[in-house]
Amino acid sequence: MTAAQATTAEPAPTCQGCGAALSRTLVDLGEQPLANSYIPLGREAEPEPVFPLHVRVCDSCLLVQVDSVVPPETIFDEGYAYYSSFSESWLTHCRLYAERMSERFGLGADSLVVEIASNDGYMLQYFVAAGIQVLGIEPAAGVADAAEAKGVPTIREFFGRGTAEKLAGEGRSADLLAAKNVLAHVPDINDFVAGIPTLLKPKGVFTVEFPHLLNLIRETQFDTIYHEHFTYLSLLAVDKIFARHGLTIFDVERLSTHGGSLRVFAARDEAGREVSARVGEVLKEERAAGLDRPEGYSGFEAKVRQVRADLLEFLERARIDGKRVAAYGAAAKGNTLLNYCGVTSDRIDYVVDRNPAKQQTLLPGSRIPVRDPSVLAEDWPDFLLILPWNIRDEIIAQNAAYREQGGRFVTAIPRLAIF
Ligand SMILES: [Zn+2]
């Protein structure tokens, strides 16, 4: 019996936020393998588990979420390694964050900065360099060891209410508590958020970054949906969850990362911080886009189907014209796109990726082989479909020679574009 069959007899799903029954679909992306389960060469014959990838909206609290049908230990198995591949631009983003937060909140040698999902200390290292005390919370032992080697003390745990109570009991409360792109990955969002006020000092600040649902909807970024992302967050929905646990949102910033993210600032209700006008501006924009009412989410699935139709038409036209198509960037989001569209290696010859860990593997589901980008020096496909569209400009700049010699880049999202 496959995992998918095992779930069909289960009762209707309930909201991960408020517990209400879920009846409204945002988009149903069908049965998909885990987006990060790249297949090593030599293991092609092994069966590939697939799970439903069905995104719903809660009519009651408006939390957008995928049915949680995958055991967490399956998700955070091999795929977790890919978390630690950081780009230069991301490290710059983190360094600037450390500088700005230190200045804004007056952090110094007596302050404690805690990061949840601190990985290899990629971000806390900048606070260490500034002489500020830090503590990382990171369940993956390998990267936690790497963090310790950099001078970032790290406890090896998943974060939740229990961890927060233990640390607070030891007197290790945070002046600044950071979570970058982890909230959407949390299987029990209430347990996670409940731990935040517990771990904060009375005037402590929590910052959390997440891809903004408003951009996902507007730009048809359905390929950012995969099983590892349990929730897709609007400020409206986050505000409801935070309020439930005694947290007040007092500021928000827009970031360009991951196709458009929010950085939300929150504190304990009793901290009494003044609320920035920016909070109201983002909430107003979300309301204007219909995110404050269940029916506002209709129409998204039709846009997703159009992306599929356009990509398949492009690939069919290329085949008829005798043109060859390869892809650039073996990103997880590419796997959602390719598998939803049913694209396999008979349409896309291979995908190139600079990450050696992904080379010599096949993409999950589509089974397109991953190769070193140096292959492009000898083999000139007519088109390169860029899968991680969020770093499109970086990829085009790195491959100027390909374009100068007549190669064309293609992106599928938000709509098919050739340039
Ligand atoms: Zn709900």
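Heavy-atom basis, side chains included; hydrogens, waters and symmetry copies ignored. Indexing begins at 1, ligand by ligand and atom by atom, following the structure's order.
Taking the ring axis of Tyr122 as reference, the NZ or CZ atom of Lys150 does not stay both within 45° of it and closer than 6.0 Å to the ring centre. At least one test fails for Arg24 against the ring of Tyr297: distance under 6.0 Å to the centre or angle within 45° of the axis. Cation-pi check for Arg273 over Phe250 is met; the charged atom lies under 6.0 angstrom from the ring centroid and within 45 degrees of its normal.
One finds no salt bridge joining Arg104 and Glu99 here, because no Lys/Arg side-chain nitrogen approaches an Asp/Glu carboxylate oxygen to under 4.0 Å.
In this structure, Lys284 places its NZ atom where only 12 or fewer heavy-atom neighbours from other residues, nucleotides or ligands lie under 6.0 Å away.
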Exercise for the section: Check step by step if side chain to side chain contact (heavy atoms under 4.5 Å, CB included) holds for Val307 and Leu337. Expected result: CA-CA 9 Å; Val307 168; Leu337 172 74; 4.2 Å; yes
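Within the protein, the number of N, O or S atoms lying under 2.8 Å from the Zn ion (ligand 1) is 4.
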